[in-house]
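Presented below is the structure to which this report refers.
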Amino acid sequence: MSRALRTCVHDLRARPLRTVLTALSMLVGVLAVVGVSAADQLSTGYVIAAHEQLRGREATYALSTTITAQDVAAAHRWVEGVQARIGPQDAAAGLVLETAVRAAPANGEPGAEGRAQQDLSARWIVGALDDIYRRPLVTGSWPRAGTSAAPSVVLNEAAARRLEVTRVPATLTLGTPQDGTAAAAVAGVVADGLPEPTVYGTLAEAAEVWPASLPAGSATTYLRAGVESFGAAAPVLREAAEIAGLDLVDRDVRRVDTVEEARASARVVQRAFVACAVVALVVAGIGILNIGLASLSERARELVVRRAVGARRLDVFVQVLGANLLVALIVSSGAVAVAMLGVYVVAPALTSHTFIADPVTLPWPAVLNGTAAAVLTSLAGAAVPAVSATRLDVADALRS
């Protein structure tokens with residue numbers, strides 16, 4: 001350990017209260033930068049995820065056509081044709097047909113006795129809906145055709161509350177006045193963000209069990225592809241529909257997601273977070289400067305005695321400045337540990353597994369910026385007292 005480092009350590013031990021106050025000021029600055037960055041990441045992620053939950057993931061395009069119960073095979077060919085054209089890249093395709101059904105808990109289920117059937121919105125699917133929309137499952141799994149004796153469905157949270165489904169698996173009676181009712185197995189509950197009670201199932205099973213629930217209505221095929229891929233997405237959707245033998249009443253391919261608008265809204269909040277971090281750093285710097293100037297007047301005799309017995313101005317400067325710099329490095333390491341604890345332990349414990357945004361990760365650029373800010377704040381706050389210490393008049397200080 002060099003003499004300068006030993007002097008700095010001795011200086012910190014000799015004045016523990018001043019050291020603690022300086023460390024707290026720096027800790028506030030570092031954690032402000034890291035915390036603000038993590039909060040910005042969380043808020044931006046949540047805003048975008050909420051849009052993706054309702055409107056589709058980023059770069060989702062849609063094309064609608066008319067489908068009846070006799071067109072189910074063509075609907076599958078449409079989706080398969082789209083998937084064949086997009087290849088194995090990070091893209092997905094799926095079809096959704098919206099209709100209406102009635103449902104009630106099956107006999108033997110809790111609360112089934114005397115319950116009237118409830119009107120529900122129904123969405124019959126080809127493909128994987130969760131690849132198109134951000135819709136986490138509260139419990140259970142998405143339905144897959146042919147995986148159970150009874151048709152499998154998933155309820156959204158509003159439908160689960162209306163039907164008082166409190167556990168999965170469960171059984172419903174589901175159907176239409178024309179088809180009658182049939183038993184359906186509830187495979188899961190999904191957080192889709194929709195206020196209306198909705199049931200999800202596969203189009204193939206719906207056409208087989210409840211064909212009258214599939215009138216000549218509008219079905220939409222969704223393609224999630226690259227951000228700048230509208231020119232490629234439009235012909236893929238149109239050509240696959242034509243080859244599948246479907247008549248396109250409307251050939252208008254549209255982008256349905258609103259992620260770009262969500263990002264624009266999030267930028268406003270981001271600026272506010274940055275302003276808060278800057279204010280916290282300025283306050284931390286002022287606190288360090290005040291502590292340094294206050295301690296300088298108390299230490300004047302000590303410093304001039306060092307000068308009188310042969311210490312150079314540089315030695316005094318390093319003693320005052322180095323102590324703060326050493327605190328900055330220690331505090332930065334502690335702040336990183338606190339930030340990691342908050343991001344990887346506290347945050348997951350406080351958020352539900354159905355939270356729609358992606359988990360927050362430690363913002364390493366912010367950690368580096370916060371550490372650099374702590375060091376710079378320490379240097380700026382200690383520079384004035386350090387320079388003032390080198391200019392103390394030895395004779396005046398000794399006379400006083």
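Since we're looking at a predicted model, the values are computed, not measured. Sequential numbering from 1 along the given sequence is applied to the chain's residues.
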Separation between CD of Q117 and OG1 of T176, rounded to the nearest 0.5 Å: 9.5 Å
Reported OG1-to-CZ distance for the pair T60 and R255, which is rounded to 0.5 angstrom: 8.0 Å
T173 side chain to A104 backbone, donor-acceptor under 3.5 Å: yes
Sidechain N-carboxylate O distance under 4.0 Å for E52, R224: no
Exam field: side chain Q118 to backbone L163, donor-acceptor pair closer than 3.5 Å: no
Euclidean distance, R167 CZ relative to T139 OG1, rounded to 0.5 Å: 11.5 Å
Taking every non-hydrogen atom, the tightest pair across A159 and L120: CB-CD2, 4.3 Å
Check: D257 side chain, A59 main-chain N or O, donor-acceptor pair, under 3.5 Å: yes
side-chain contact (heavy atoms from CB on, under 4.5 Å) between Y61 and V236, intermediate numbers included: CA-CA 11 Å; Y61 303 92; V236 165; over 6 Å; no
Test side-chain contact (heavy atoms from CB on, under 4.5 Å) applied to Y200 and L129, V96, L155, V153, the passing residue: L129
Steps toward side-chain contact (heavy atoms from CB on, under 4.5 Å) verdict (E157, V189): CA-CA 6 Å; E157 293 176 298; V189 177; 4.1 Å; yes
Carboxylate-amine/guanidinium contact R263 E260, below 4.0 Å: yes
R57 side, atom CZ; D131 side, atom CG - distance, nearest 0.5 Å: 7.0 Å
Distance (rounded to the nearest 0.5 Å) between T65 OG1 and L97 CG: 11.0 Å
Aromatic plane relationship, Y222 with Y133 - under 30° parallel, 30 to 60° tilted, over 60° perpendicular: perpendicular
Main-chain N/O of A191 paired with Q53 side-chain donor or acceptor, under 3.5 Å: yes
